[in-house]
Amino acid sequence: MSLHETIPLAATDDAYMAAALALGRRNMGRTAPNPAVGALVAKDGVIVARGYTAEGGRPHAEAIALEAAGEAARGATLYVTLEPCSHHGATPPCVDAIVAAGVTRVVTAMEDPDPRVAGRGHEILRQAGIDVVIGPEAAAARCDHLGHILRVTKHRPMVTLKLAQTADGYAAGDAHDPRLRITGSIADAYTHVQRSLHDAIMVGSGTAREDDPLMTVRLPGLDRAKRLRVVLDRNLTLSPRSRLAFTARETPLLVIAAESVSEESARAFSDITGAEVARIPTLDGRLDLLAALRLLADKGMTRVFSEGGPRVAESLLAAGLADEVIIHKGVKPLGRPGRLALTPAARAALDNVSRYRMIESRMLGPDRMTRYARMD
């Protein structure tokens, strides 16, 4: 007796799609500019092959899974977390490979909003006589592929904003206080995992100056995970002797400055450090964050992890550009005046139920992690 004879087909589709989504997440943060897609080939209740988008975005998940399946793909069902591509790019369209493989049923979580696809992949499959089902695990797929969706529809990557605060709500002490260690090792490891799941890590100039961070992924087995590091630095004040600048020839660094910074200054910084300097417009005296994000989208970035501190957090939240918000709350209070992690304006934006909703709250060791998602 097959799995399909004992379990309703819709439940089977949901289960296989959930597995395909888990597969796709294996290379999340490594596939830009393409989405991190997962694919399964199933036949007679058995998974015969699987695939997920390779580093750099090629080959696609479907091509990998179908090649692994070989002749077993004939008469099988292909589960894929995003509509298969139908356009010629660096490789032939995935729909051609699916038709040639003899797959008789294709289940996708969602249509690809990329105008080069946008339902055409599904239509080509139907015209080839393949049964097409769309929708299982659609909400989870939209979450996983949000960076791709926003890049092709809004010309920007998705942004995850992360903040750490003391028990009484502060991100730092007064100007001359030493740097606070707010969270413990488990929450810190979670942050490194989040960095690995994004294409770029972004901070503001204040955080870069005061914390002198490396902004790298430091987890066992992920030492090669070199994400683009981005500093929002309106006046190009980052010291060439900072750890970020000093390591720019090993791990890529992009400094985004204002148009008022001269080309000569930008070129000199690049020559000294090996970092790239880009100049963008300002808005109300600050860097135009949407312009910065569109610059990153043009560079192929789909997912950005912002650890930029209270000022950047306020700007992202006020503009509705923070798609996910992660707040780590430590157990110890600062116990004296300091710098609030969330300014009153940022707190008001996050507490506005028409703009953000809490989707998760749990303990990471002694610290509480709370996640919010932007409402569409």
Side-chain angles (χ1 to χ4, degrees), residues 13-14 16-40 50-65 78-87 89 93-95 98 106-122 125 132-161 193-194 196-200 227 293-294 296-305 321-326 359-360 371-376:
D13 287 346
D14 285 340
Y16 280 141
M17 190 61 71
L21 285 163
L23 265 178
R25 295 180 195 119
R26 290 188 179 187
N27 263 352
M28 188 174 281
R30 304 180 189 182
T31 63
N34 291 339
V37 174
L40 296 174
R50 64 197 75 198
Y52 49 92
T53 308
E55 291 190 31
R58 302 279 178 175
H60 287 181
E62 303 97 308
I64 293 172
L78 173 68
Y79 292 88
V80 59
T81 63
L82 187 67
E83 178 182 8
C85 67
S86 55
H87 59 284
C94 285
V95 290
I98 294 169
V106 173
V107 182
T108 68
M110 61 177 290
E111 184 177 293
D112 188 345
D114 188 328
R116 297 172 299 176
V117 187
R120 202 173 76 174
H122 289 143
L125 295 175
V132 175
V133 177
I134 308 166
E137 296 293 317
R142 189 184 186 284
C143 180
D144 284 4
H145 298 317
L146 183 59
H148 168 71
I149 294 168
L150 290 175
R151 184 169 177 263
V152 299
T153 62
K154 304 291 186 182
H155 189 197
R156 73 168 179 89
M158 71 84 67
V159 177
T160 301
L161 169 64
V193 170
Q194 289 299 313
S196 76
L197 295 174
H198 291 74
D199 311 322
R227 303 298 183 256
L293 293 176
R294 285 181 168 166
L296 293 174
D298 289 340
K299 291 181 175 295
M301 302 294 104
T302 63
R303 296 172 55 82
V304 174
F305 190 62
L321 295 174
D323 302 293
E324 187 172 299
V325 182
I326 299 174
I359 57 174
E360 183 181 12
R371 285 200 306 139
Y372 301 83
R374 181 176 59 84
M375 302 286 285
D376 292 330

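Nothing here was measured: the structure is a model prediction, and the numbers come from that model. Atom set for the values below is all heavy atoms of this structure, side chains included, hydrogens, waters and symmetry mates excluded.
Note that CG of L161 is 8.5 Å distant from CD1 of I326, once rounded to the nearest 0.5 Å. The distance from the CZ atom of R142 to the CD1 atom of I149 is 5.0 Å, given to the nearest 0.5 Å. In this structure, H198 NE2 and T160 OG1 are separated by 3.0 Å, a value rounded to the nearest 0.5 Å. Between the CD atom in E137 and the OH atom in Y16 there is a gap of 14.5 Å [rounded to 0.5 Å]. Between atom CD1 of residue I134 and atom CG of residue D13 there is a gap of 12.5 Å, rounded to the nearest 0.5 Å. Atom CZ in F305 sits 10.5 Å away from atom CE in M158 (nearest 0.5 Å).
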Full working for side-chain contact (heavy atoms from CB on, under 4.5 Å) between R294 and K299: CA-CA 9 Å; R294 285 181 168 166; K299 291 181 175 295; over 6 Å; no
Give the C-alpha distance, both sets of side-chain angles, the deciding distance and a yes or no for side-chain contact (heavy atoms from CB on, under 4.5 Å) between T31 and E55. CA-CA 5 Å; T31 63; E55 291 190 31; over 6 Å; no
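When atom types are taken as modelled, the side chain of N27 and the backbone of T53 share a donor-acceptor pair closer than 3.5 angstrom. Between the side chain of R151 and the main chain of A297, a donor-acceptor pair closer than 3.5 Å is present. Remark: side-chain polar atoms of E83 are paired, donor with acceptor, to backbone N or O of H122 under 3.5 angstrom.
For the pair A61 and G51, the tightest heavy-atom approach, listed with the atom from each and the gap, is CB-O, 3.7 Å. When all heavy atoms of P84 and L125 are compared, the closest pair comes out as CG-CD1, 4.3 Å. In plain terms, the two heavy atoms of R25 and L197 that are nearest each other are O-CD2, 4.3 Å. Here the closest heavy-atom approach between residue V107 and residue P136 is recorded as CG1-CG, 3.6 Å. Between P93 and C85, the shortest heavy-atom distance links the atoms CB-O, 3.7 Å. Between L21 and A141, the shortest heavy-atom distance links the atoms CD2-CA, 3.7 Å.
H145 is linked by a ring pair (Phe, Tyr, Trp, His ring centres under 6.0 Å) to nothing, counting only residues two or more places apart in sequence or in another chain. Residues forming a side chain to side chain donor-acceptor pair (under 3.5 Å) with R374 (at least two apart in sequence, or on another chain): D323. For D14, there are no side chain to side chain donor-acceptor pair (under 3.5 Å) partners at least two apart in sequence or on another chain. Not counting sequence neighbours, the partners of N34 by the side chain to side chain contact (heavy atoms under 4.5 Å, CB included) test are R58, H60. With sequence neighbours excluded, no residue satisfies side chain to side chain donor-acceptor pair (under 3.5 Å) with E111. Evaluation of the side chain to side chain donor-acceptor pair (under 3.5 Å) rule for R371 yields E324, E360 as partners, not counting sequence neighbours.
D144 places none of its side-chain heavy atoms less than 4.5 Å from the side chain of T81. Between I64 and Y52, the closest side-chain pair of non-hydrogen atoms is not below 4.5 Å. Counting heavy atoms from C-beta on, the side chains of S196 and M28 never come closer than 4.5 Å. Contact of the P157 side chain with the D199 side chain is not registered, since no non-hydrogen atoms from C-beta on lie closer than 4.5 Å.
Residues D112 and H148 bring a donor and an acceptor atom of their side chains to less than 3.5 Å of each other.
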